[in-house]
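All residue numbers refer to positions in the sequence shown, counting from 1. Order of listing sets the numbers, starting from 1, for every ligand and every atom in it.
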Amino acid sequence: MTAVTGLTRVLSVVGARPNFVKLAAVAHALRRRADVDHIVVHTGQHYDSAMSGSFFGDLDIAPPTTNLEVGSDTHAKQTAAAMQRLEPVLERVAPDWVLVYGDVNSTVAAALVAVKLGLKVAHVEAGLRSRDRTMPEEHNRVVTDHLADLLFAPSRDAIITLRAEGIAADRIAFVGNVMIDTLIRLRPAARALGTARRLGLDEGGYVLVTLHRPGNVDDPDVLRALCEALAGLARTRPVVFPAHPRTRARLEAPGLAHRLGGVRLLDPVPYLEMLDLTESAALVLTDSGGVQEETTFLGIPCLTVRPNTERPVTVTEGSNQLVNATPEAILAAASNGVRRHVTQIERWDGRAGERIVAVLCDGARFA
Ligand code: UD1
């Protein structure tokens, strides 16, 4: 295609909420290139307006041209449906590069289809490892990294991991963190919203909660313990909890909702509101990957309810702390206070998207 039109054709595949935030950084950088045709395909893994549609306006990027409407299902069915529906699209478009983002089922589906068609694949956010084989995302990360021709690493630890797994140095580019690009670009717009005030919350006076990992919400005993922990936190200050649909459904099990005490449950909030709520929080309790990074960049204390993290710099250099899913552990960590400091992590500087485009289009190297 390049030879005929003179344009480099880049096709991004996204499917789930965190993908859109990462895509936004790359789409913005690509927008400045007249020599690139950027096509965005949405698998439809996430489909509710609050989980998908609302994001493109907030992120100031064009909505995807194609939505494959894969929806929710078991891992195998969701991944297989994404592969089946992507294949004819990738075949028809025949892009110079297929870009895949993060670690969701749509990521690995797209990488597999593309390599089997002989298309070049670049993985944005490569080299992250929790080393926890019970996490669906971990399978997706390992497989995608080993399929991809080009790996865009967000941090130095990711490069060390990829090299240790035998991936050649010339396939890896240390570009920085795309999630932070989007945060830096949209932070002023987010702050202008005054979301905390609108919700009747004091700046710096509440706890913000997000929980959606199967390991936390699918086991009723773990979820019950987490509800008790949140109710305990809510006895001393307001707790707001924008709940993922998976979590909301699990909370509807008999006997769980009342354990949440004074916790304020919200529907999932759009990107800008979430960013604003994060920056105004006294403390964030989460199991999300992106939130660990955003709180580190902003210097907001973060308790991550997981036994491990694929983003170790947020713990070693940032404001993140891992905590067990028990009321005792969570309440103790919250009252001990978590470090609050703003750390400048190498190449988390708002320019990761720009570096990705320089590698893809100009052959730049970032070691
Ligand atoms: C997926 C990713 C996870 C990521 C998360 C961000 C995988 C394996 N997991 O998890 O890494 O952190 O997205 O949100 O890809 N649902 C809706 N509406 C939607 C989407 C989902 O109601 O728009 C509900 C459905 O009941 C569905 C459940 O949420 O069964 C789970 O959705 P799914 O896409 O399978 O995984 P997530 O938990 O969202």
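- Of the polar atoms of Asn140, none of the N or O atoms is found under 3.5 Å from an N or O of ligand 1, judged by distance alone.
- Atom 16 (N) of ligand 1 has Tyr47 OH, 3.5 Å as its closest protein atom, hydrogens excluded (heavy atom only).
- Here is the list of ligand 1 atoms found below 4.0 Å of a heavy atom in Pro245: 16 (N), 17 (C), 18 (N), 22 (O), 24 (C).
- Of all atoms in ligand 1, listed by their number and element, those nearer than 4.0 Å to a heavy atom of Pro18 are 6 (C).
- Listed by atom number, the atoms of ligand 1 under 4.0 Å from His212 heavy atoms are 4 (C), 5 (C), 6 (C), 12 (O).
- Less than 4.0 angstrom separates some heavy atom of Gln78 from each of these atoms of ligand 1: 34 (O), 35 (O).
- Using a 4.5 Å heavy-atom cutoff, the side chains of Val315 and Gln292 are not in contact.
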side-chain contact (heavy atoms from CB on, under 4.5 Å) between Arg224 and Leu256, worked out:
CA-CA 6 Å; Arg224 196 174 310 113; Leu256 269 186; 3.9 Å; yes
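- Of the protein's heavy atoms, Glu137 OE2, 3.1 Å lies nearest to atom 3 (C) of ligand 1.
- Atom 18 (N) of ligand 1 has as its closest protein heavy atom Asp48 OD2, 2.9 Å.
- Annotation: atom 8 (C) of ligand 1 to nearest protein heavy atom, Asn105 OD1, 3.3 Å.
- At a threshold of 4.5 Å between non-hydrogen side-chain atoms, the residues Cys227 and Leu251 count as touching.
- A continuous path of ILVMFWY side-chain contacts below 4.5 Å connects Leu23 to Ile184, so both sit in one hydrophobic cluster.
- A salt bridge is defined here as a Lys NZ or Arg NE, NH1 or NH2 lying under 4.0 Å from an Asp or Glu carboxylate O, and Glu69 with Arg85 fails to meet this definition.
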Under 3.5 Å, which donor-acceptor pairs link side chains of residues 32-39 to any protein atom two or more places apart or in another chain?
from, atom 1, to, atom 2, distance (Å)
Arg33, NE, Asp35, OD1, 3.0
Arg33, NH1, Asp362, OD1, 3.4
Arg33, NH1, Asp362, OD2, 2.9
Arg33, NH2, Asp35, OD2, 2.9
Arg33, NH2, Asp362, OD1, 2.9
Asp37, OD2, Arg9, NE, 3.3
His38, NE2, Ser12, OG, 2.7

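- Which of Gln45, Arg17, His244 comes nearest to atom 7 (C) of ligand 1 through a heavy atom is settled by distance: it is Gln45.
- Residue-to-ligand polar distances keep His75 apart from ligand 1: every N/O pair is separated by 3.5 Å or more.
- Using the six-membered ring where Trp is involved, His212 and His244 have ring planes that are parallel, under 30° apart on the 30 and 60° scheme.
- In terms of protein heavy atoms, atom 2 (C) of ligand 1 is closest to Val104 CG1, 3.6 Å.
- In terms of protein heavy-atom proximity, atom 25 (C) of ligand 1 is closest to Ser72 OG, 3.4 Å.
- For atom 39 (O) of ligand 1, the nearest non-hydrogen atom from the set His46, Arg250, Arg246 comes from His46.
- Within the 4.5 Å cutoff, the side chain of Leu199 has heavy atoms near those of the Leu277 side chain.
- By the 6.0 Å contact criterion, CZ on Arg197 is open, its count of non-hydrogen atoms from other residues, nucleotides or ligands being 12 or less.
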